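The block underneath contains the structure these notes are about, expressed in structure tokens.
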Amino acid sequence: DGGITQSPKYLFRKEGQNVTLSCEQNLNHDAMYWYRQDPGQGLRLIYYSQIVNDFQKGDIAEGYSVSREKKESFPLTVTSAQKNPTAFYLCASSTGPNYGYTFGSGTRLTVV
Amino acid sequence: QKEVEQDPGPLSVPEGAIVSLNCTYSNSAFQYFMWYRQYSRKGPELLMYTYSSGNKEDGRFTAQVDKSSKYISLFIRDSQPSDSATYLCAMSATGNTPLVFGKGTRLSVIA
């Protein structure tokens with residue numbers, strides 16, 4: 001079955017650590033996105049990539065980094081520079097934003 | 001003014017009621033309008049997709065777009081407890097600009 005897989009489902013990070021969230025899709029979609037969801041805030045765009053080896057900052061890119069070396073994969077690194085990283089992170093893919101997104105099941109990151 | 005405004009609720013209705021969910025927007029360039037449903041601790045799933053103005057119906061769900069008023073709606077007929085979720089509107093302009101999401105409305109359908 002085609003889909004988009006995020007791992008891990010739950011992640012705990014100590015203060016000052018970098019962590020990487022995985023996102024893999026087998027839908028042959030060109031575009032991939034990372035969103036952050038906080039209670040009462042909706043979905044806020046972190047980074048997006050429309051093609052391999054290219055990506056753009058979203059509205060809240062500070063403290064995050066991404067890579068897009070393969071069409072199927074778009075990992076997100078939450079760096080120690082991100083002051084408030086505790087949130088629910090959603091990855092999505094699409095043939096283009098005008099066609100709607102397919103979302104993964106999310107990763108819940110907690111700073112301990 | 002935020003680009004997309006959506007009342008967060010919560011909205012609580014009895015089973016069988018007609019539910020109306022709404023979003024307003026400020027960017028007149030938006031052409032593609034979508035509704036996503038998100039169950040607790042899950043990723044959103046695409047529910048309805050509409051291009052430009054007009055209505056679209058799919059089973060118990062109807063999406064309406066009024067571009068002159070910059071207003072979109074989702075109606076749920078004969079609501080069921082399984083419809084209890086957060087509903088997010090999303091929209092984009094032509095080209096490759098990413099979707100802009102509303103904050104979501106949390107709906108509870110009480111049996």
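From a predicted model like this one, the values you see are computed outputs, not experimental measurements. Every chain is numbered from 1 and lettered A, B, ... according to where its sequence line falls, protein lines coming before strand lines.
The closest donor-acceptor contact from the side chain of A:Ser49 to the backbone of A:Asp54 lies under 3.5 Å.
Between B:Asp58 and B:Lys56 no salt bridge is recorded (no basic side-chain N to carboxylate O distance below 4.0 Å).
Using modelled atom types and a 3.5 Å distance limit, the side chains of B:Thr86 and B:Arg37 yield no donor-acceptor pair.
Each of A:Tyr64, A:Trp34, A:Tyr35 was compared with A:Tyr89 under the side-chain hydrogen bond (donor to acceptor under 3.5 Å, both in side chains) criterion, and only A:Tyr64 meets it. B:Tyr25 pairs with exactly one of B:Phe101, B:Tyr71, B:Phe30 by the ring pair (Phe, Tyr, Trp, His ring centres under 6.0 Å) rule, that one being B:Phe30.
In this structure, chain B has no heavy atom under 4.5 Å from any part of A:Gln6. Interface residue A:Arg108: only side-chain heavy atoms are found under 4.5 Å from chain B. For B:Tyr36, the part lying under 4.5 angstrom from a heavy atom of chain A is the side chain only. Neither the backbone nor the side chain of B:Glu45 comes within less than 4.5 Å of any heavy atom of chain A. Of the atoms belonging to B:Arg106, not a single heavy atom falls under 4.5 Å from chain A. Using a 4.5 Å cut-off between heavy atoms, B:Pro44 touches chain A through backbone and side chain atoms alike.
B:Lys67 NZ: more than 12 foreign heavy atoms inside a 6.0 Å radius.
For chain B, the option among A:Asp59, A:Ile4, A:Thr102, A:Leu43 with the highest count of heavy-atom pairs below 4.5 Å is A:Leu43. Contact count versus chain A (heavy atoms, under 4.5 Å) is highest, among B:Gln6, B:Met91, B:Gln31, B:Gln38, for B:Gln38.
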